[in-house]
Amino acid sequence: MHKFINMQQPAEAEALDTTEKFLTSWLHKLQIGVAMKLGLMLVSCIAVLLIGASFLLSSYLATQLQSNALEVLRSNTRIFHNNITTEYKRVLRDAERYSNVYINNYQNMSPAPLRSLDEKSLKALLSDTSINAHFTELTSVFASTLVREGDQFVRVSSTLQGKEGKIATSTVLSHDSPAYAALLKNKPFSGVVVIYGKQFISHYEPIADKFGQVVGAVAIGFDVKLALQPVIKELLAVHIGEGGYAYVLDAGFSPGMMVAHPTLVNQHVENLTDAHGYKRYSDILALKNGTIYYETVSGYGAAPRKRVAVFEYIDGINWIIATTSYVDDVARSSNLVRNSLLLFSLLLMPVILLLIAGTSRILISKRLKNVLKISQSIAQGDLTVDVHIDHKDEIGELLGANEKMRASLHALVGGVVSHAQHVHEAALKITEAVDGQASTSVQTSSSVAEITSTMEELSASSTQIAEHSRAVVDIANVTLDDCNKGSDSMGELLTRMSDIDSDNQQSMREIMMLGNKSKEISRVMVIINNVADQTKLIAFNAALEASSAGESGKRFSVVAAEIRRLADSVTESTFEIENKISEIQNSINRLVLNAEKGSSSIKAGTKACKVSADRLHDLVATAEQTSTAAMQISLSTQQQKTASNQVVMALREIVVASNYTSQSIKDILSISQDMTQLSEELNQASQSFKLTDRPDDQA
C-alpha cells in the first residue's frame, strides 16, 4: 500500500504543478489588478461550489422525495387494506346478527324451545317456507334453511337464485364448502363462500335437536361486491400525484380478475405486460405482499415511464389491494429546486464580484502601492524612509520585512564605514608586527631541531616497552583460558550433584509412598480378619440350626463345618500376611533412614562443590582483571609509541614549515598594503548611502 501511495505522489504533484502553471499563465494574460484577479478566482470557486451543491441537493431531494412518495403509497395501501378489512368484519358481524334474528323467527313459531324438539318435529318446522320469504322482505338479505339428510345438507327454502334465475331449493350444500365440515361438528362458520359463481360473506349456524344431533342449519349471506361497494368507491376516488390510483385484484375466487380499477374492472389482467414484456400482475398474484417497479407507455409514440406499485393481501376475502404512481412525479420538485439554485447563483455572481473587488481594492491594492513606494526608496539608497505597519496580515508582514531589511542595510552600511577605518589601522600594525616575527622564526627553528633529536631517542625506548608488554598480554590470556575451563568443569560437577540429590529425593518419596501403601494393606487385613470371624460365627450358628433340624439338617451341618474350616484357614493366612507386611515395613523404615543419611551426604557434597565453584569464579574474575590490565598496558605502550612517532614527524614538519615562515611574512606584508588601499575604496563607496536626515551627521 505504501509503495502504491509513493508511486501516486509524483503523478499527483505533476498534475498540481501543471494546473498551477496553467492558472498562472492565464492570470498573467489578464491586464487587470491583483484585486480583480482575486475576485475572479473567488467568484469562479464560489460558482463551482454553488453549482455542485445545487446538483447534490437536487439529487438528495429526489432520493428523499422518492422515499417519502413510496412511504405515502405504503400508507395509502395500508389504509385501504384496513378499511376493507374493517368493512368485511362488520358485514360478518351483521350476517351473524341476522342469523340470530332468522332463527328467532323459527323459535317464535315453535311451541317449545328448538333445542328441546326431536328430529322429526324440528325438520317439519325448518321446512316451513313462509318464514324465509317474510325475512327476505324485511332485510333484503339472502337467507337459506338447510335440513340434514344423512351426510348431506339440502336447501328446503332459500331466497338465493341459481344460474337460470330460479330459486335454489332442493340443492345440496357442496362438500367442498368451508361451512360443511363446521356444520357436521355442530359449529358455526363465518367467512366467504362461493355459491353459483358468486362470492358471499356468509354465516352458517347449525341447529341441533334435544339429543345434540345436527338436524339442519340456517345461512345468511351478503354479496361481497355489493357489501363492500362503498369502500371500493372511496378507493377509486383517491388520486395519487399525476397518474396515481388504487385498485383491487382478486387472488382467490377468480385469480387475476380486477375487482376495482379505473379502466380494467372485471377483466383478467394476469397476462398483461409492461413496455418490456414484464407481467406485473402475475408477479403481484405470486408475491401477494411487497413492492414492484415497471414501465408503462401512456400512448402511441410516448416514451416509457417508470411506475411503482405497493400491494398487500387481504385475508378472508382473498383480495390484493394495491396503489401505484409514477416514479418521476417526485423528480419535478427536485429539478425545480436545482434550477432555482442555479438561477440564484448566476444572479449572485456579479454582486459577489463587485463586493470582492471593492474590498480587495481597500485591503490589498492601496497597501501594495505603499509597499512598492517604500521598496523603491530603499533601492535608491534612502535608508531613512519611515515604514508604518497598519494591519497584522500578509501585507503587514511584508511591511515588517521591508522595515527589517532597511534596518539591516542601515546597520550594515554603518558598520562597513567604521570597519573600513579599523581595517586601515590594523593593516599598518600588521606591517610592523611582521618584522618582529622574522627574527623570532629563526630562533624557533633552532629550538625545534634540538627537540626533534630528543624525541627520536624517546621513540626508540617506547618501541622496546611495547614489545615486552605484548608478551605479558599473551601469558595473561593463557591463564584466563585455563581458569575458564576449570570453572566450566566445576559447574558441570555441581549440576551432576544436583541431579543426584533430586533422584535421591524422588526415591525417598517413593519409599514413603510404599510405606503408606503397606499400612493400607494392614488395614485391609484387619477387615479380612473381621470377615473371617463373622464367617466362623455364621458357620457356628448354621451348625446349631442344622443340629436342631434333625436328619434333614445333616447335609447343611457338613457345609457349615467346611465354611468354618475355610474361615480358620483364612485367619491363619492373614496372620502370615501380616507378619510379612511387618517385615516389609521394617525394611522400608531402614531404607528411609539410609536414604536420609545418603541425602545428607549428597547435600554436603553439593555444598562443597558449590564452594569450590565460587572460588573458581573468583579466580576467573581475578584472571580476567589481570588480562584486562595487561591489555590496557599494551595498548598504552602502543599508543605511546605511535604518539612518539607522530611527535617526531610533527617536529620535522615544523622544521620544514619554519623555512617557509619568512617567505609567508613577506607575502603578508604585501597583502596588508593591498588591504589599506581597499579600505580607502570601501569608505568612498559607503558615502553613497543616506544614513541620517542631517548631512553633517552623515559626514
Side-chain angles (χ1 to χ4, degrees), residues 81-82 84-103 106 123 126 132 135-136 139 141-163 167-209 212-229 231-232 248-257 259 285-286 288-289 312-321:
H81 177 279
N82 294 336
I84 294 176
T85 303
T86 302
E87 186 67 16
Y88 167 67
K89 291 180 180 179
R90 185 192 64 77
V91 175
L92 277 179
R93 290 193 298 271
D94 289 346
E96 184 177 358
R97 182 166 52 85
Y98 283 131
S99 175
N100 294 331
V101 174
Y102 187 62
I103 293 174
Y106 283 105
K123 286 184 177 180
L126 294 176
N132 183 288
F135 179 79
T136 303
T139 62
V141 177
F142 104 84
S144 297
T145 303
L146 298 94
V147 175
R148 182 176 181 180
E149 295 181 0
D151 290 338
Q152 295 181 344
F153 289 90
V154 181
R155 292 183 181 86
V156 294
S157 63
S158 177
T159 58
L160 182 66
Q161 294 183 354
K163 296 181 179 179
I167 300 299
T169 55
S170 301
T171 57
V172 179
L173 179 64
S174 174
H175 290 189
D176 296 333
S177 174
Y180 177 77
L183 293 177
L184 287 179
K185 296 178 182 179
N186 196 14
K187 293 181 179 180
F189 169 79
S190 295
V192 177
V193 298
V194 179
I195 304 175
Y196 295 124
K198 286 186 177 182
Q199 286 182 300
F200 292 91
I201 301 175
S202 304
H203 178 79
Y204 286 78
E205 188 72 30
I207 297 176
D209 60 7
Q213 299 295 324
V214 178
V215 175
V218 296
I220 301 297
F222 294 86
D223 189 298
V224 171
K225 292 183 179 180
L226 294 177
L228 301 180
Q229 190 65 31
V231 180
I232 294 176
V248 179
L249 188 65
D250 193 347
F253 169 62
S254 180
M257 176 68 74
V259 178
L285 291 172
K288 292 187 178 181
N289 292 283
E312 290 185 6
Y313 179 72
I314 303 176
D315 290 325
I317 55 178
N318 298 325
W319 283 359
I320 294 176
I321 177 69

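When reading the values below, keep in mind they use all heavy atoms of this one structure, side chains included, and skip hydrogens, waters and symmetry mates. The chain is numbered in sequence order, starting from 1.
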Can you name the closest pair of heavy atoms from [X] and [Y] and give their distance?
{"X": "Tyr88", "Y": "Asp315", "result": "CE2-O, 4.4 Å"}
{"X": "Ala182", "Y": "Pro188", "result": "CB-O, 4.1 Å"}
{"X": "Pro178", "Y": "Val192", "result": "CG-O, 4.2 Å"}
{"X": "Ala227", "Y": "Ile201", "result": "CB-CD1, 4.5 Å"}
{"X": "Ala95", "Y": "Ser202", "result": "CB-C, 4.4 Å"}
{"X": "Leu126", "Y": "Gly216", "result": "CD1-CA, 4.1 Å"}

Could you pull out all residues at least two apart from [X] that satisfy ring-ring contact (aromatic ring centres under 6.0 Å, His included)?
{"X": "Phe200", "value": "Phe142"}
{"X": "Tyr180", "value": "His175"}
{"X": "Tyr98", "value": "Phe222"}

| remark: Interatomic distance, CD@Glu312 vs CD1@Ile84, rounded to 0.5 Å, equals 10.5 Å
| Spacing of CD1 belonging to Ile314 relative to CG belonging to Asn289, to within rounding of 0.5 Å |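 Answer rounded to 0.5 Å: 10.0 Å.
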Between [X] (side chain only) and [Y] (backbone N and O only), is there a donor and an acceptor less than 3.5 Å apart?
{"X": "Arg97", "Y": "Ser99", "answer": "no"}
{"X": "Lys123", "Y": "Arg148", "answer": "yes"}
{"X": "His203", "Y": "Leu92", "answer": "no"}

Would a 4.5 Å heavy-atom cut-off, applied to side chains only, mark [X] and [Y] as touching?
{"X": "Gln199", "Y": "Ile317", "result": "no"}
{"X": "Ile320", "Y": "Leu285", "result": "yes"}
{"X": "Leu228", "Y": "Val259", "result": "no"}
{"X": "Val141", "Y": "Tyr102", "result": "no"}
{"X": "Tyr204", "Y": "Val193", "result": "yes"}

| Between Arg93 and Glu96, is the closest basic N to carboxylate O distance under 4.0 Å? | no
| task | Test side chain to side chain contact (heavy atoms under 4.5 Å, CB included) on Ile207 and Val215 and set out the steps. | result | CA-CA 6 Å; Ile207 297 176; Val215 175; 5.6 Å; no
| message | Could you go through Gln152 and Leu173, starting from their C-alpha distance and side-chain angles, then the distance that decides it, and tell me whether this counts as side chain to side chain contact (heavy atoms under 4.5 Å, CB included)? | response | CA-CA 7 Å; Gln152 295 181 344; Leu173 179 64; over 6 Å; no
| request: Using the side chain to side chain contact (heavy atoms under 4.5 Å, CB included) rule, take Trp319 and Asp250 through it: C-alpha gap first, then chi angles, then the decisive distance, then the call. | output: CA-CA 5 Å; Trp319 283 359; Asp250 193 347; 4.0 Å; yes
| side chain to side chain contact (heavy atoms under 4.5 Å, CB included) assessment of Val154 paired with Val147 | CA-CA 5 Å; Val154 181; Val147 175; 5.6 Å; no
